[in-house]
Amino acid sequence: MINEFAHEQRPSRWRLAVRRAIAGSAVVLLSATGVVALSGTAHAASTLGAAAAEQGRYFGTAVAANRLSESDYTATLNREFNSATAENEMKWDALQPNRGQFNFGNADRIVNHARGQGMSLRGHTLVWHSQLPGWVGGLGTNELRTAMNDHISQVMGRYRGQIDSWDVVNEAFEDGSSGARRNSPFQQRLGNGYIEEAFRAARAADPSATLCYNDYNTDGVNAKSNAVYNMVADFKQRGVPIDCVGFQSHFNSQSPVPGDYQQNLQRFAALGVDVQITELDIEGSGTAQANSYRTVVNACLAISRCTGITVWGVTDKYSWRASGTPLLFDGNYNKKPAYDAVLAALGGTPGGGDPGGPGDGSCTVTYQETDRWGDRFNGQVTVRAGDASISGWTVTVTVGSAQRISTTWNGTPSWDSSGNVMTMRPNGNGNLSPGQSTSFGFTVMAGGDWSAPRIGACVAS
Ligand code: G3I
């Protein structure tokens, strides 16, 4: 049976991010050329990403492109996280080392890896005083304005529709009690207005991206966070396009999780922006570290507009503060007590709950592109039962914002409000004996975007 659909509405950015996070809760089992296989069961979530998705959030990590060739690193990344941030590869010095000469290789590597795993992406960062190539510091006012706007439009344009949130401006305020803007080249030459100018350029470059201001030492109520708060309130009041504030959340014994962390995030959310925890790491070990992580996760979960958490690296051994062992996996990729605390706070269960018994059937999915024409392609998803028989299955298929699914067959689809996320259920082909498979298919109108759809985990019933 063929079903025809038209989908014109756009989702809110927040809903889209959550849908992507849920789609990203899959476990990749096998990847061969053109075929991606994912599995899932109806058990309680047993990974950070899947548990966060069940809370309507993402759980991400900073990723370094040069570590993707290490199998333990990549296995941990793929299994546990459903959002990725380039740790250094999208900074200005990495992307545009010489004026007009863009190097997208390492950034592309991270984007392609993340999208191939169904992860959402955070872009970090467009306008920042640090990791600026030397040529930027030598520009006069007009040249710097042009260079800033060009950089934003080139970088965001390249990844348009693929990066859910961008840190448009990073660390623009001084530490301490002054509440002043940091004396960066942007501040010196362009004055206070550079921040809103950057946000306007960013909105024009990718209207679907969530635009964030990101900073550190703004995690509690203090002079610096007050200054950021006043800026965001002013932007919202004047219609400057800002959607989100990122709280880096780098903590250690000198700078512990503030007692008013949740209250501070909440007051920003009340301004009408999302809040995100963007670079979380907490130096320490054992129970003390676990308790601090739990506090942070619970604060996010208590705030409906806290849309996700990113830790600043996969493993202690590659952390920018490696000696402080601030992350969730040790240098051998073992889960630390902090990991267990985070998973539990997110409502997950180690190992995914009790195996065996009714309702424990599982299924896996594989995706393949089967045909391509000038404006469209056909995709096929094969659903295979695990070791037990199943009587139903559910699989999500998420296409890019320029893409549209025009036709489906051998399944019963339903749609989110955007039309980009299709949830497919059986159409008479739900009963599968152990190892048995069935397929459904669909046609994607490419709209210039030929990337494969993201296929969520197969959920058996
Ligand atoms: O890759 C080169 C290597 O080839 C060279 O031999 C080596 C020698 O110094 O440097 C390597 O690059 C380093 C890079 O990290 C990759 O490891 C840079 O020197 C080093 O400066 C860079 O540090 C990064 C730092 O930002 C730069 O400011 C950290 O990895 C990164 O974690 C850190 O991230 C920042 C966020 O962007 C913003 N918020 C704070 C956060 C922590 O500082």
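All residue numbers refer to positions in the sequence shown, counting from 1. Counting convention: from 1, in listed order, for ligands and their atoms alike.
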Within reach of ligand 1, part of Asn88 (heavy-atom separation under 4.0 Å): side chain
Non-hydrogen protein atom less than 4.0 angstrom from atom 30 (O) of ligand 1: yes
From Lys91, Met90, Glu279, Arg321 - option closest to atom 33 (C) of ligand 1 by heavy atom: Lys91
Arg267 versus Ser225, side-chain donor and acceptor atoms under 3.5 Å: yes
N or O contact, Glu87 vs ligand 1, cut-off under 3.5 Å: yes
Heavy atom of protein closer than 4.0 angstrom to atom 2 (C) of ligand 1: no
Proximal atoms of ligand 1 relative to Trp128 (non-hydrogen, under 4.0 Å): 28 (O), 37 (O), 38 (C)
Straight-line distance of Met231 CE to Leu271 CG, nearest 0.5 Å: 10.5 Å
Numbering as shown, the atoms of ligand 1 that approach Glu171 to under 4.0 Å (heavy-atom distance): 38 (C), 39 (N), 40 (C)
Aromatic centroids of Phe235 and Tyr213 separated by under 6.0 Å: no
Close-contact set for ligand 1 against Gln131 heavy atoms, below 4.0 Å: 25 (C), 26 (O), 27 (C), 28 (O)
Donor-acceptor contact present, side-chain Arg122 to main-chain Ser83, <3.5 Å: no
Closest non-hydrogen atom pair between Ala64 and Ile110, with its separation: C-CD1, 4.4 Å
Flag: protein heavy atom within less than 4.0 Å of atom 13 (C) of ligand 1: no
Atom 7 (C) of ligand 1 touched by protein (heavy atom, under 4.0 Å): no
Short side-chain to backbone donor-acceptor contact, Gln117 and Asn78, under 3.5 Å: no
Trp320 neighbourhood, listing ligand 1 atoms whose heavy-atom distance to it stays under 4.0 Å: 32 (O), 42 (C), 43 (O)
Per-residue contact class, Tyr216 against ligand 1 - non-hydrogen pairs under 4.0 Å: neither
Nearest protein heavy atom under 4.0 Å from atom 18 (C) of ligand 1, yes or no: no
Atom 21 (O) of ligand 1 within contact range, any protein heavy atom under 4.0 Å: no
Any His124 heavy atom less than 4.0 Å to ligand 1: yes
Gln263 versus Asp260, side-chain donor and acceptor atoms under 3.5 Å: no
Between CZ on residue Arg57 and CG on residue Leu48, distance to nearest 0.5 Å: 15.0 Å
Within-cutoff protein neighbour (heavy atom, under 4.0 Å) for atom 27 (C) of ligand 1: yes
His250: numbered ligand 1 atoms lying under 4.0 Å from its heavy atoms: 40 (C), 41 (C)
Ser153 side chain vs Ala205 backbone, donor-acceptor pair below 3.5 Å: no
Single hit among Thr310, Asp215, Asp167, Asn214 for side chain to side chain donor-acceptor pair (under 3.5 Å) with Thr278: Asn214
CG-CZ distance between Asn226 and Phe173, expressed to the nearest 0.5 angstrom: 11.0 Å
Partners meeting salt bridge (charged side-chain N to carboxylate O under 4.0 Å, His left out) with Lys91 (sequence neighbours left out): none
Protein heavy-atom partner closest to atom 34 (O) of ligand 1 - residue, atom, separation in Å: Trp312 NE1, 3.2 Å
Any protein heavy atom nearer than 4.0 Å to atom 39 (N) of ligand 1: yes
